[in-house]
Amino acid sequence: MNPPNTNLRAFNLAVQTLLSSPSQFLPHLTVPTFTHIPEQIGPLLEAQYPPSSPQPQPSSEKEPSPQDKPRITIRALVLDKDNTLCPAKSTTFPSKIYAHLHALRTSPTSPFNLSTAPNSILIVSNRAGSHPRYEDEAVEIEERLAGLNIPVFRLPVATESENGKVNSVEKKPFCGKEVLDWFRERGVTQRADEIAVVGDRLGTDVLMAKEMGSWSVWLRDGVGEEVTQGKRNVLEKMEVWVERYLRESRGFKAPRPRASDQ
C-alpha cells in the first residue's frame, strides 16, 4: 500500500499567505475548465491588467502609441494533471480536453504549436512525476500524449552536496525554479512572466505561479462540474469558498507577477 501523497508544507504556505498577503492567494485569470483557455492568453490577462500609464514626456517627445505599450506574452504553459487534464488519480483524458490540447498543439496560430514551439507545454503534477512510485502513471500519460509530444516533469531526486547536506526539490508550489530552468534550458523563454501556470488548486498551482513570478490560470470547475460535482475534498471546497470571499466580499485582486513590472 502506498503512503499518502501529503504536502504539509504547501498547506502551511497557503495558511501563511492567507494571513499575511491574501491577494497572493487569488488567480490572475479564472475560467471554468481547460477547454475555455484560448490560444492567445495574453489579451485576456491584459483586459484584467492593462499596461500602466506612461510617465509624462517632454512636449518635444512623441507620445507613445497603444502599440508601444508593453504587452503580455505567454510562451509556455505549465499544466496540472489531476482534475485539470484528467479526473483525479487517473490517466484518462476526457475527449473535449484532449481535443483542446490537440488544437493548441496543431493550430498554425497557436504559440504552443508542436512544430514551432515543441517544448512550450509541460505537465507538472504532485502525483505523476513527483515520486518513483508514480512513474508508471507518468509514463502512461506520456504514451497517451505521444502524438502531441507533451512531457511530464520529473521532480529531481535528492542529491548530497560536498558538505554532506541533502538537497531535495519539493513538490508544487516549491518546484518553480526547476520548472523555469526546464523551459530556459530548452530555449522556450528566459522570463517567468511569459509562463502561465494552469490548474484547479489555489494552494498549489496558483501559489506556485506566485512563487515563480508567473501568471496563474485557475480552473474553477476542474475537468468539469459533471465530473467534480460532489467529489471535491474539504480543502478543495474551502479554496472555492475562500476565493469567492476574498474577491467578492473583500475586493482583493491578485497582483501582477513581479517579473512583469520590470
Residues Asp205, Asp200; criterion side-chain contact (heavy atoms from CB on, under 4.5 Å); working and verdict
CA-CA 7 Å; Asp205 303 306; Asp200 70 304; 4.0 Å; yes
May I ask you to check whether Thr35 and Thr33 show a side-chain donor-acceptor distance below 3.5 Å?
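Yes - a donor-acceptor pair under 3.5 Å links their side chains.
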Distance-only side-chain donor-acceptor flag, Ser110 / Glu39, under 3.5 Å
no
For the student: nearest non-hydrogen atoms of [X] and [Y], plus distance:
X      : Y      : answer
Pro173 : Leu207 : CB-C, 3.8 Å
Asp193 : Ile74  : O-CD1, 4.2 Å
Asp82  : Ser125 : OD2-OG, 4.1 Å
Ala138 : Gly129 : CB-N, 3.9 Å
Lys253 : Ser23  : O-CB, 3.4 Å

Output yes when Lys172 and Asp80 qualify as a salt bridge under the 4.0 Å nitrogen-oxygen rule, no when they do not.
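Salt bridge: yes.
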Presence of salt bridge, Lys81 and Glu140, under 4.0 angstrom:
no
Find out whether Trp215 and Arg256 are in side-chain contact, i.e. whether some heavy atom of one side chain is under 4.5 Å from a heavy atom of the other.
yes
Tell me, do Leu235 and Arg201 make a side-chain contact under 4.5 Å, heavy atoms counted?
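Leu235 vs Arg201: side chains touch.
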Examine [X] and [Y] and state if one hydrophobic cluster contains both, with Ile, Leu, Val, Met, Phe, Trp and Tyr joined whenever side-chain heavy atoms are less than 4.5 Å apart.
X      : Y      : answer
Val31  : Leu202 : no
Val217 : Val206 : no
Leu219 : Val242 : no
Val78  : Trp218 : no
Met238 : Val240 : yes

Face-on cation placement of Arg105 at Phe112 ring, 6.0 Å and 45° thresholds
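No, cation not above the ring by the 6.0 Å, 45° rule.
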Do we get Arg184 above Trp182's six-membered ring, with its NZ or CZ under 6.0 Å from the centre and within 45° of the axis?
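No, Arg184 does not lie over the aromatic ring of Trp182.
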Just checking Lys89: does its NZ atom have more than 12 heavy atoms from other residues, nucleotides or ligands closer to it than 6.0 angstrom?
no
Starting at [atom1] of [X], measure out to [atom2] of [Y] and round the result to the nearest 0.5 Å.
X      : Y      : atom1 : atom2 : answer
Phe25  : Ser216 : CZ    : OG    : 11.0 Å
Glu137 : His131 : CD    : NE2   : 13.5 Å
Leu101 : Ile121 : CG    : CD1   : 6.0 Å
Gln40  : Thr73  : CD    : OG1   : 9.0 Å
Leu114 : Ile150 : CG    : CD1   : 8.5 Å
Leu13  : Gln16  : CG    : CD    : 6.0 Å

Tyr98 vs His102 aromatic rings, parallel, tilted or perpendicular, using cut-offs 30° and 60°?
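Plane angle between 30° and 60°, so tilted.
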Verify salt bridge (charged side-chain N to carboxylate O under 4.0 Å, His left out) between Glu135 and Arg154, making sure each step is shown before the conclusion.
CA-CA 9 Å; Glu135 180 60 20; Arg154 279 13 181 235; 2.8 Å; yes
Working for side chain to side chain donor-acceptor pair (under 3.5 Å), residues Ser90 and Thr92:
CA-CA 6 Å; Ser90 81; Thr92 302; 4.5 Å; no
